[in-house]
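The structure appears right after this line, and notes come after that.
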Amino acid sequence: MPPYQPAPRSPSRKGASMSRYTAAEIEPKWQKAWEEAGVFTATREGGKPKYYVLEMFPYPSGRIHIGHVRNYTMGDVIARYKLSTGHNVLHPMGFDAFGMPAENAAMANGGHPKDWTYSNIDTMVSQMKPLGFGLDWSRMFATCDPEYYGQQQALFLDFLEKGLVYRKNAVVNWDPVDMTVLANEQVENGRGWRSGAVVERKELTQWFFKISDFSDDLLSALDGLDNWPAKVKTMQANWIGKSRGLQFSWDLTEAHEGFEQIEVYTTRPDTLMGASFVGISPDHPLAKALEAKDPKVAEFCLEARKGGTTEEAIETAEKLGYDTGLTVSHPLDPDWKLPVWIANFILMDYGTGAIFGVPAHDERDNEFATKYGLPITPVFEPVEGDYPAKGAFVPPKPDRVRFTRPVAGAEVMTGNEAIDAAVEFCEGKGIGEGVTKFRLRDWGLSRQRYWGCPIPVVHCPECGVVPEKKENLPVQLPYDEGGKPIDFSVPGNPLDRHPTWRDCACPACGAPAQRETDTMDTFVDSSWYFARFTSPRAETPIDMAEAEYWMNVDQYIGGIEHAILHLLYSRFFARAMNETGHLPQKSREPFDALFTQGMVTHAIYQTEGKGGRPVYHYPEEVELREGKGFLKDGREVEIVPSAKMSKSKNNVVDPVAIIDQYGADTARWFVLSDSPPERDVEWTAAGAEAASKHLARVYRLAAELADAPANEAEDGALLRETHKAIHDVTGGIESFGFNAAIAKLYAFTNTIAKSKAGSAAKAEALKVLAQLMSPMTPHLAEEIWTLLGGEGLIAHADWPVADPALLVEDTVTLPIQVNGKRRGEISVPKDMDKAEVEKLALEVENVKRTLDGAQPKKVIVVPGRIVNVVI
RNA sequence: GCCCGCGUGGUGGAAUGGUAGACACAGGGGACUUAAAAUCCCUAGCCGCAAGGCGUGCCGGUUCGAGUCCGGCCGCGGGUACCA
């Protein structure tokens, strides 16, 4: 509903009625005008340059939250600005609509994920529309629309044909009580969130995208992403993790179960002489062979597989090891025997699933060796200073160290030199080979869940795994089971136990077969939606002509929390789509510029519930007194400050109340002011009032503009200030300095309010003010524009351009420092020469007093900036 | 654990290596009003009567000059491959 603003309780005594900016009337009026004029409908007409601005689309959690408002307002500022600088703008919106919360809701409250999701989408659209975003709503879709996920299935089939999809085993979190797969989020301290059972790692056959085919490309192409934040590129580069090292084998002293060797990969072959043990993953084939024969090994492996699958859980778990009793001989000294341990911290997914431990130069190996009494043998020491008293000595690779037990090379060299020398030496000796490896793993896309895009393949007893025919797409999710609503309260995947949905004919031979019951990771859905927005109703994944015109995304905006996964997967998808003929070559990198906005955070209020698990309370339920929080029943809550707003933590702030009370423009102005867009902001409702007052003041300045004669000096001064404001605000918008742009708009408003210029000059200044504000507060801007006789819609007006001649100042104020401390200032012509500035600076009373007769050693004059007198 | 950020008045924050605290919020004072609301004006980092001193998480360094660059800490946040 449109917001409501109360009228003043009594009219002003001064006769002239007070002008009110009434958001409730003004905002719907202009929204209707924009819609009727089709201002934000993206078209390819007019031979104008195109601009595609996109904000990461939301998950339909049920209500929009303040983080959405911040995100979409930023995008809207860019969209409206680009529109007024002569672009065809594409600014679409949709919903990332598959995912676990819908199933969780069905589990907790009954109902169906589909109904829950579409109802949430309706609510959120109705909450977003009053905000007046310049979006092309005609392009909207949800990823759970069969029209969308059907095309996604078509992409999957093309990827499959191209060899970009394959099946292999991978581990999942297994809840042994509920007999179901858990998401990492559903594992709390190594236990299932519902059953409380200790989670185990279990292997399943799953589908994978071959993102590793693109490791090198995804890494090296980061260099070309000039308009991406450096931190995101660094994070992605580290994630891809290109490394050079040595891959070689340790010979088992005695062959065991058909194993004669253990292959390892190391990035530090120069430390080979410091090896103390060989470690293998509990999931290593040798460990499995031993496990099958020896109950003690089986017991250890079972223990080692407990806890979640996350890297964090594995890395921070207590280091556990089991001495297999097997030994290997050292490749450089066959008489040197080392023990083979199974260790819980070795990942089967990385390298070869086996390592050799060098406790002197690796913290983790050190901890392990110390715990199990294994030898710790240094191979190098610092060139200067002492060897650390405890723990491992791990200098950065570019640092020079002195080798005491070298593999090859000079006595003193850098780690990098030593690694190169060791690789060369070992290769010469026939011990393994230097290889390049990547940390990046293939993307497992199978999910054992209902509410996702079905994987369009069929399992045939005769033909094996067969792709579904394209003409049979979409493979749709069933709504019911056997005429009854699906029961989501039963753990596990409803598709898997559905009585009829699985049954089908083999697309190849026609024999009775069964559908794949796994669905796709929701990251798949969000990896190509940006491309679909260019032709959302096409009968193929995209329409090439549309993609040629609209791609790439000129400006992508979203949360820093997506720095790695979503953005990396999208970059992969763009490449894969290009190679399967679904995107032009230029779109292999789909996002030309990226801006990562900070998150809106809010404290979490929690109390302890059953079994020690936390219960989260909404901000509305908590009363704050002296820094402590209390529930209505008097219980104190624990306050976790500044956490990401998350539906599961109940710390999401709803902006609807602010919109209702003050209107959309106030909410938009408010989320942009004060905080730099890239920084996290702790939400506080104080300040919305101030934003509202300011907008009302701007409106009054225009509405109550009194007749005044022209005044040459004052009019000229105001004109110069106007052009400075144009310059500063435009620069602020283009550089995402929205808070700085708003500060300038405050200052410019104050300037106009205080100016003694004539009414004609003031009206011109106010019209420019309206234009400069129009991307942020578009409704108010239209109203003022009309009030002051502006032609047409401000949304259609050309952006004002600053006249450089009006921006230059004739005189500047120079601060005078003595030894770096400010002692005075002088006002001088802008281009006064250095010698003269120096002379004037030394005559300043306070400077003379500070010098106290001392002769300056040096005087530094930075023209137009500062003078520093050094004594 | 590992990777990436962030840390400035009572508060949000500003500041191409060049006057730290722009612009705002809350506060204090004043004008208008019978009174209030609304509005307008003034004030304001801390210590100090002042001169001046101290100040950008902590310690050190580079520089004529450091919030900004470098090294080492501390605290907080994000990511960590099945939350999205």
Side-chain angles (χ1 to χ4, degrees), chain A residues 8-10 12-14 18 56 58-59 61 96 98-101 172-173 181-187 229-232 234-235 237-239 241 308-317 345 349 363-364 367 440-449 521-523 526 559-566 568-569 596 598-599 601 641-644 646-648 673-676 678-682 684 686-687 689-691 693-694 696-697 700 737 739-740 742-747 750 753 813-817 819-822 824-825 849 857-860 862 864-870:
Chain A
R9 268 178 270 164
S10 65
S12 160
R13 301 196 128 220
K14 295 257 159 106
M18 244 200 199
M56 291 178 186
Y59 179 80
S61 55
D96 189 13
F98 277 135
M100 289 203 315
V172 293
N173 300 306
V181 177
L182 298 179
N184 287 333
E185 193 194 42
Q186 298 171 321
V187 178
K231 62 181 170 186
V232 174
T234 306
M235 281 189 259
N238 289 338
W239 184 261
T309 57
T310 66
E311 189 184 296
E312 185 195 4
I314 291 165
E315 293 269 350
T316 56
F345 61 86
D349 284 327
E363 288 295 352
R364 204 171 47 181
E367 196 186 319
L440 180 65
R441 309 198 296 254
D442 276 334
W443 171 12
L445 69 112
S446 299
R447 296 292 181 271
Q448 296 70 40
R449 273 184 264 289
D521 178 9
T522 56
F523 272 122
S526 55
I560 186 65
E561 69 271 25
H562 294 294
I564 298 177
L565 293 181
H566 162 62
L568 192 64
Y569 290 155
T596 52
M599 282 169 301
T601 61
S642 292
K644 176 170 90 162
S646 158
K647 197 172 158 57
S648 61
S673 56
D674 288 356
S675 252
E678 69 277 9
R679 205 185 294 187
D680 287 355
V681 49
E682 172 87 21
T684 141
E689 179 74 27
K693 279 183 188 175
H694 177 73
R697 180 174 180 230
R700 272 200 314 278
N739 56 324
I742 283 186
K744 184 67 202 178
L745 287 167
Y746 269 112
N750 289 338
T813 304
L814 291 184
I816 317 297
Q817 295 182 334
N819 279 351
K821 287 198 192 301
R822 185 177 178 281
E825 60 179 38
R849 188 152 45 92
K857 235 185 271 174
K858 189 158 49 157
V859 179
I860 291 153
V862 184
R865 276 290 177 193
I866 203 164
V867 180
N868 193 6
V869 181
V870 186

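Letters go in sequence order (proteins before strands), and every chain restarts at 1. All figures in this text were calculated on a predicted structure; none of them were measured in a lab.
- Using the Watson-Crick or G-U wobble rule with both distances under 3.5 Å, B:rC23 pairs with B:rG12.
- A donor-acceptor contact under 3.5 angstrom links the side-chain atoms of A:Gln448 to the base of B:rC82.
- Two residues are said to be in side-chain contact when any heavy atoms from C-beta on lie closer than 4.5 Å; A:Asn739 and A:Ser675 fail this criterion.
- Distance check on atom P: B:rG52 versus B:rG1 gives 50 Å, rounded to whole Å.
- If you check B:rU80, B:rA84, B:rA14 against the side chain of A:Asp96, the one that comes closest is B:rA84.
- Nucleotide B:rC69 is matched to B:rG61 when pairs are restricted to Watson-Crick or G-U wobble geometry with both distances under 3.5 angstrom.
- Of the listed nucleotides (B:rA84, B:rA81, B:rG12), B:rA84 has the atom at the smallest distance from the side chain of A:Phe523.
- Closest non-hydrogen pair, A:Asn819 versus A:Asn868, comes out as N-OD1, 3.5 Å.
- Rounded to the nearest Å, the gap between the P atom of B:rA20 and that of B:rG53 is 13 Å.
- Nucleic acid contact class of A:Arg364 (heavy atoms, under 4.0 Å, all strands): none.
- The A:Arg449 side chain lies nearest to B:rC82 when the options are B:rC64, B:rG79, B:rC82.
- Not one side-chain nitrogen or oxygen of A:Arg679 sits closer than 4.0 Å to the OP1 or OP2 atom of B:rC6.
- Base pairing analysis places B:rA51 opposite nothing; no Watson-Crick or G-U wobble pair with both distances below 3.5 Å involves it.
- Among the atoms of the strands shown, none is found under 4.0 Å from any heavy atom of A:Ser526.
- Contact annotation for A:Leu440: base contact, defined as any heavy-atom pair under 4.0 Å involving a base atom.
- Distance check: A:Ser526 OG to A:His562 NE2 gives 8.0 Å after rounding to the nearest 0.5 Å.
- Here the nucleotide nearest the side chain of A:Glu315, chosen from B:rG1, B:rC83, B:rC64, is B:rG1.
- With RNA chain B read from its 5' end, the first of the two nearest nucleotides for A:Val232 and A:Val870 is the one closest to A:Val232.
- Spacing between B:rG17 and B:rU63 at atom C1', rounded to whole Å, works out to 9 Å.
- Where A:Asp442 and A:Thr522 meet RNA chain B, the nucleotide closest to each residue was compared, and A:Asp442 sits on the side nearer the 5' end.
- Summarising the base pairing, B:rC2 is matched to B:rG79 through a Watson-Crick or G-U wobble pair whose two defining distances lie under 3.5 Å.
- For A:Glu312 and B:rG79, a side-chain-to-base donor-acceptor distance below 3.5 Å is absent, hydrogens and geometry of angles not being considered.
- From A:Glu315, atom CD reaches atom CZ of A:Arg364 across 5.0 Å, with rounding to the nearest 0.5 Å.
- Across all strands shown, A:His694 has no heavy atoms under 4.0 Å from either base or sugar-phosphate atoms.
- Residue A:Thr309 holds its OG1 atom at 11.0 Å from CD of A:Glu311, rounded to the nearest 0.5 Å.
- Closest to the side chain of A:Lys821, out of B:rC82, B:rC54, B:rG18, is B:rC54.
- Picking from B:rA20, B:rG79, B:rG13 the nucleotide with the shortest atom distance to the side chain of A:Gln817 gives B:rA20.
- Taking CG of A:Leu565 as the reference point, atom CE of A:Met235 lies at 11.0 Å (rounded to 0.5 Å).
- Computed from coordinates, the A:Tyr746 OH to B:rC23 P distance equals 12 Å when rounded to whole Å.
- Minimum atom distance to the side chain of A:Glu311 is reached by B:rU80, of the listed B:rC23, B:rU80, B:rG18.
- For A:Asn750, taking side-chain heavy atoms from C-beta onward, the closest of the listed nucleotides B:rC82, B:rA24, B:rC64 is B:rA24.
- Comparing B:rC23, B:rU39, B:rA14 by their nearest atom to the side chain of A:Lys693 picks out B:rU39.
- Taking only side-chain nitrogens and oxygens, A:Arg865 never comes nearer than 4.0 Å to OP1 or OP2 of B:rG17.
- The A:Arg849 side chain lies nearest to B:rA51 when the options are B:rU19, B:rA51, B:rC82.
- For the pair A:Phe345 and A:Ile314, the tightest heavy-atom approach, listed with the atom from each and the gap, is CA-CG2, 4.1 Å.
- As judged by a 4.0 angstrom heavy-atom cut-off over every strand, A:Asn819 is placed among residues making no nucleic acid contact.
- Not a single donor-acceptor contact under 3.5 angstrom links the side-chain atoms of A:Asn184 to the base of B:rC82.
- Here B:rA44 sits opposite no nucleotide as a Watson-Crick or G-U wobble pair (both hydrogen-bonding atom distances under 3.5 Å).
- Within the 4.0 angstrom heavy-atom criterion, no nucleotide atom of any strand lies near A:Phe345.
- B:rG9 takes the syn form, because its glycosidic angle lies no more than 90° either side of 0.
- Base engagement by A:Val172 is indicated by at least one non-hydrogen atom pair under 4.0 Å involving a base atom.
- Within 4.0 Å of A:Pro58, counting heavy atoms only, lies no atom of the nucleic acid at all.
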